[in-house]
Amino acid sequence: MGPVIMNAGSKEAILEGLNPPQRDAVLANQGPVLILAGAGSGKTRALTRKIAYLIQHEGVAPWEILAVTFTNKAAAEMRDRCAQLVGDRVEFPWLGTFHRTGVRMLREHGELVGVPQNFVIYDQSDQRAMVNRCIKGLGFDKVTPQSVAEFINSAKLRALTAREVAVEDDLRPDDRFLRVYERYEEEMKKSAAVDFSDLLMQPLRMVRDNPVVASSYKRRWRYVLVDEFQDTNQVQYDLLRATLNDERRICVVGDDDQCIYRWRGADVGHILGFAQDFPGSTVIRLEQNYRSSGRILAAASALISSNTERHPKTLWTDRDHGELVRVHRAGTDLAEADYVIGQVRARRAHVPLREMAIFYRTNAQSRPFEDALRRSAIPYRVVGGLKFYDRAEVKDMLAYLKVLVNPSDAVSLERIINTPTRGIGQKTIQDLRDYARGHGCTMWEATRHHAMAGTPGQQKKLGPFVDIMAGLAGLMEDSSALTIAKEALERSTYLERLEAEDTAEADARIQNLQELLNAIEEFGVASADHTLSGYLEQVALVSDLDSADLSADNLMMMTVHTAKGLEFDTVFVTGMEYGLFPHFNSMEEALGEEEERRLAYVAMTRAKTHLTLTCAGQRRRFGTYESSPPSPFLDELPPEVIEEDGRGPQRSAFSARATSGWGNRRRGRLSGQIMSAPPVVRDEFDQSSGFDELNDWSPESATAGALRGGSRVFHPSFGEGVVLEVDGDDQDAKATVRFATGLQKRIISRFLTRAG
DNA sequence: TCTGGACGTCTTTTT
DNA sequence: GACGTCCAGA
């Protein structure tokens, strides 16, 4: 089959406007190619042109290209841009995320690894529910669903089944985690469900164990493109290798400095070692940055240069120096938010809101910004955090639909069997579980059985539920997804019960459900796939960012992780504090610090013209105020490109440097030690806010007042300790503290600050 | 079986 | 502060 569109562009047209390395990237199409693409170096541009070139000049058909991106959003963008270059009607069936590719592969040949065709995808809360069921079923206590889920997922990151991980890791057969994993495998199979890890691991096993299938993919995919290659994990990498044919036409693109998913199994080693793993590969470097001003780039480059695990590279730009990078130290998280919003208001005259973004390390940090924005009536959009599809009422409705598509789905069935309440309690559910296990049938079959032959009480309660579901199932044949969803909402009396509540909260839920119906309708229109299962599959794989409308004129707020791949005129990187960014949890391993630094690098390189970094001396965490010194990353920025403003505590007073061994830690390792700021005087705080109440607190009431037995505290002369007892209240409270040195003392609370 | 209150955990980051 | 879990009492 030849090229689809013959007239859409000569070689010259495709290469137009590209710099020499970008051209090389487009033209290098034989054998393995590694493109090291620095931040803002026009990678997407080069990639889309390359696809156009492959189609128009190399005789590769769109369906012969496997193109893997990291997010659905990136995939959509690439698809759009390719369509513009090659012709609107061209489809790229294999352009998507690794997970979506995995789904497609499983739909084709999943039975070979025991995955039935109508499988449902469990997200992590479904997975946790399933793990929980298994733990309960085995009668274990002392193991938390979370820790087991982590165990299972890490085994799956190595593509190991329960039996295999037992052998590999030499586990005792009665190891509790192992027993749960075994049970989990059985139950998942019975529910015809797969989890996120399965979407990668099962396709890998499928091609590994079935050479015929493997070679069908090898024939199909004549060219393989992988974006964000630095974030591939071992399973993904193995999957690529297992389906790559002898021509080895693979092109990977990435930036080792932007590897920020190590916790999810991403291995920078894949990009660092690509040239060795694929002998004869061409290496192309894209080092000209088109995005950021000179000073922003200088600041980011200086920061990342402290890392050791990286390809040495130099990004350059021919743009102006631009403005200085601003650093602002605020007294509290509220003052920080206030400062940032003040800046947003000032810039708003020249820069559209949609070109401004606030980044933070953790989702929980969005709160103060949201409050401040609402007060200022500035429209904003929070990406991530509690996702629409994670809301209880939405999950409930989806669970109804999942059971209709796949009645074996035990987790979803248990979710809805008593939602809304119909008098079916734990006892009955346990009976159903026991029966299902005893008879080797599914939960749904057990439910039907008990509706006919259970105790009279059970028959009375379960009967109507079974009728509702059977009635809905009757619609499956020839009704649209939208109709079925609407009927489910009606017949389950879900809507009715919410309306009866008549509270603001219930109203919000009803609105969310309406929004869900809209989404289902939209899906039917947009995708020409009117089936319920098509919709559910889509839902399982979309992220919040995918549905975010970046064109609306809203200020964007998101975590640094979500920000990867985006760019904004004005960027605020907030919460630059020791313990938050870098995050405490990253400090246990030596490599954790480097990943946090890469994260900061990603954040900074999103900015085109204005970049501001902020931190707060005191921040509300878990409901109480805690102090933390500024991030050591701030100290790594070259003084000549930054300006500090605000009257916040000065570096010398606040920096961890003054407290202990951080001063000469340029290439040192983060110690796990917890440092606290010295007590601060209110007048030193930033007072730029017009909202007095924001600054109206004192360190005493914020910290000491909240001390309890068990609180971890810090004292300027005695160091770290744990509170044993508190007596008195507020200002004059005395706390009995045992310090790490063994010393035990009664101390007036206001001399203590909270620690970790 | 349902409800409300006490209590503990949580916070890294997401397909 | 916010959510899930557990328990006592209706």
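Below, chain A is the first sequence line, B the second, and so on; all start at residue 1.
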Regarding the side chain of Q124(A), the nearest nucleotide among dT11(B), dT13(B), dT15(B) is dT15(B)
Which nucleotide sits closest to the side chain of A364(A): dT15(B), dT11(B), dT14(B)?
dT11(B)
Please work out if D123(A) contacts a base, only the sugar-phosphate, or nothing of the nucleic acid, heavy-atom cut-off 4.0 Å.
nothing
Out of dT11(B), dT1(B), dT14(B), which nucleotide sits closest to the side chain of T428(A)?
dT1(B)
cation_pi(K395(A), Y389(A)) dist<6.0 Å, angle<=45:
no
Are side-chain heavy atoms of M201(A) and S197(A) found at a separation under 4.5 Å?
no
Side chain of T559(A) - closest among dT11(B), dC2(B), dT14(B)
dT14(B)
Base, sugar-phosphate alone, or nothing: which one does R367(A) contact when heavy atoms must sit under 4.0 Å apart?
sugar-phosphate
Cation-pi geometry met for R107(A) and F119(A) (6.0 Å, 45°)
yes
With a non-hydrogen cut-off below 4.0 angstrom, is Q426(A) in contact with a base, only sugar-phosphate, or nothing?
sugar-phosphate
Just to be sure I understand the rule, does N72(A) reach a base, reach only the sugar-phosphate, or reach nothing, if contact means heavy atoms closer than 4.0 Å?
nothing
Using atom C1' in both nucleotides, what's the gap between dC6(C) and dT11(B) to the nearest angstrom?
23 Å
Using a 4.0 Å cut-off to any heavy atom of chain A, which nucleotides of DNA chain C are the first and last in contact, reading 5' to 3'?
dG1(C) to dA2(C)
Under the salt bridge (charged side-chain N to carboxylate O under 4.0 Å, His left out) rule, collect the residues that match up with D255(A), sequence neighbours excluded.
K313(A)
Heavy atoms only, 4.0 Å cut-off, all strands: where does Y261(A) land among base, sugar-phosphate and nothing?
sugar-phosphate
If you only use heavy atoms from C-beta on, which nucleotide in dT1(B), dT14(B), dT11(B) is closest to the side chain of K427(A)?
dT1(B)
